[in-house]
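Positions are given from 1 along the sequence. Predicted, not measured: the structure shown is a model, and the values here were computed from it. All values below were derived from every heavy atom in this structure, side-chain atoms included, with hydrogens, water molecules and symmetry-related copies excluded.
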Amino acid sequence: MSEIKRIETDEFWADSTVIEVGGFVFVGYCMDNEGQPIKEQMNGAIDVLESRLKMVGLTLDSVVKMDCLFKNISDLNYLPSVLRERFNGKFPTRKAYTSDFIREGIEFQIDAIAYKGKG
């Protein structure tokens, strides 16, 4: 088995937000711009994803799978335009889910898997 590298951990929540293993990078809990309109929250979440990918030398081009969590599933209608702006045609597979978030102002979050390849 490949070494499991826990790149970023949160002791308080007892989780890892960036893990690299077997040529893949797993990124969790990407959200930002809490309390702002949905498109700003989507862009904020992608900004967080992008910054976490940079920790392991990757870009958004490496993302192969995204789970998108929505407070209101009808906000899914805004996602394609944001992804077209941010992913330059290199779209990951994705799923959309609804979620009850822990804080009132959160309406969108991303968890993602990126491919790094064999190192």
Side-chain angles (χ1 to χ4, degrees):
M1 181 166 131
S2 300
E3 175 188 1
I4 299 172
K5 298 177 186 175
R6 289 173 174 82
I7 310 298
E8 182 178 69
T9 60
D10 184 322
E11 194 65 35
F12 178 80
W13 289 109
D15 72 351
S16 296
T17 52
V18 181
I19 292 179
E20 182 179 346
V21 63
F24 290 92
V25 178
F26 300 83
V27 183
Y29 197 66
C30 298
M31 53 88 42
D32 202 4
N33 299 334
E34 186 175 334
Q36 294 184 22
I38 190 64
K39 286 182 95 171
E40 282 79 4
Q41 289 197 34
M42 289 175 178
N43 275 300
I46 294 170
D47 290 343
V48 171
L49 173 60
E50 195 169 35
S51 69
R52 289 184 174 155
L53 290 169
K54 285 180 185 176
M55 293 177 181
V56 293
L58 297 177
T59 66
L60 292 175
D61 289 353
S62 64
V63 178
V64 295
K65 172 88 168 83
M66 284 189 351
D67 291 334
C68 301
L69 289 78
F70 291 87
K71 181 175 182 177
N72 301 306
I73 197 64
S74 62
D75 288 336
L76 175 62
N77 295 317
Y78 297 104
L79 190 59
S81 66
V82 173
L83 296 181
R84 282 191 288 275
E85 291 172 11
R86 301 297 300 271
F87 281 84
N88 300 313
K90 296 181 179 176
F91 307 118
T93 63
R94 62 180 166 88
K95 280 239 190 241
Y97 304 91
T98 57
S99 178
D100 290 327
F101 293 107
I102 196 166
R103 292 189 306 273
E104 187 62 33
I106 303 172
E107 296 183 23
F108 183 75
Q109 177 184 322
I110 294 172
D111 295 328
I113 301 170
Y115 183 65
K116 189 169 187 178
K118 302 198 189 253

* Structure fact -> Here the gap from D75 atom CG to C68 atom SG, rounded to the nearest 0.5 Å, amounts to 12.0 Å
* With sequence neighbours excluded, residues passing salt bridge (charged side-chain N to carboxylate O under 4.0 Å, His left out) with K39 -> none
* Asked: Can any side-chain N or O of S16 pair as donor or acceptor with the backbone N or O of I7 at less than 3.5 Å?
  -> no
* By salt bridge (charged side-chain N to carboxylate O under 4.0 Å, His left out) - contacts of E104 (at least two apart) -> K71
* Nearest 0.5 Å please: distance from the CD1 atom of I19 over to the CD1 atom of I113. => 11.5 Å
* Could you identify which residues cluster with F12, counting Ile, Leu, Val, Met, Phe, Trp and Tyr as linked when any side-chain heavy atoms lie under 4.5 Å apart, either directly or through a chain of such contacts? => W13, I102
* Any donor-acceptor pair under 3.5 Å from Q109 side chain to A45 backbone -> no
* If every non-hydrogen atom of V48 is compared with every non-hydrogen atom of S51, which pair is closest and at what distance? -> O-OG, 2.9 Å
* Any chance you could lay out the side chain to side chain contact (heavy atoms under 4.5 Å, CB included) test for S62 and V25, step after step, and finish with the verdict? => CA-CA 9 Å; S62 64; V25 178; over 6 Å; no
* To do: Establish, yes or no, whether a centroid distance under 6.0 Å links the rings of Y97 and F70.
  => no
* To do: Measure the spacing between CD of E20 and CG of L58 and express it to the nearest 0.5 Å.
  => 7.5 Å
* Structure fact -> side-chain contact (heavy atoms from CB on, under 4.5 Å) filter on R94, not counting sequence neighbours, yields M66, L76, L79, P80, L83
* To do: Take atom CG of N77 as the centre, draw a 6.0 Å sphere, and report whether it contains more than 12 heavy atoms from other residues, nucleotides or ligands.
  => yes
* Asked: Taking a hydrophobic cluster as the set of Ile, Leu, Val, Met, Phe, Trp and Tyr residues connected by side-chain heavy atoms closer than 4.5 Å, whether directly or through intermediates, do F108 and F91 fall within one such cluster?
  -> yes
* N43 side chain to E40 main-chain N or O, any donor-acceptor pair under 3.5 Å? -> no
* Structure fact -> Going by chain and number, the hydrophobic cluster around L69 (ILVMFWY, side chain to side chain under 4.5 Å) further includes Y29, M31, F101, I106
* **Shared hydrophobic cluster for I4 and F24 (ILVMFWY, side-chain gaps under 4.5 Å)** => yes
* Counting N and O atoms only, with roles assigned by atom type, does the side chain of R52 sit under 3.5 Å from a partner on the main chain of G28, one being a donor and the other an acceptor? -> yes
* Looking at CD1 of I110 and CG of L49, how far apart are the two atoms once the value is rounded to the nearest 0.5 Å? -> 5.5 Å
* Structure fact -> CD1 of I38 to CD of E107, rounded to nearest 0.5 Å, is 5.0 Å
* To do: Answer yes or no: are there more than 12 heavy-atom neighbours, outside Y78 itself, under 6.0 Å from its atom OH?
  => no
* Can you measure from CG (N88) to CG (L60) and round to the nearest 0.5 angstrom? => 8.5 Å
* **salt bridge (charged side-chain N to carboxylate O under 4.0 Å, His left out) against R84, all qualifying residues, sequence neighbours excluded** => none
* Begin from the C-alpha positions of R86 and D47 and carry the test salt bridge (charged side-chain N to carboxylate O under 4.0 Å, His left out) through to its verdict. => CA-CA 9 Å; R86 301 297 300 271; D47 290 343; 2.7 Å; yes
* Asked: Out of curiosity, does Y115 fall in the hydrophobic cluster containing V21 (side-chain heavy atoms, cut-off under 4.5 Å, transitive links)?
  -> yes
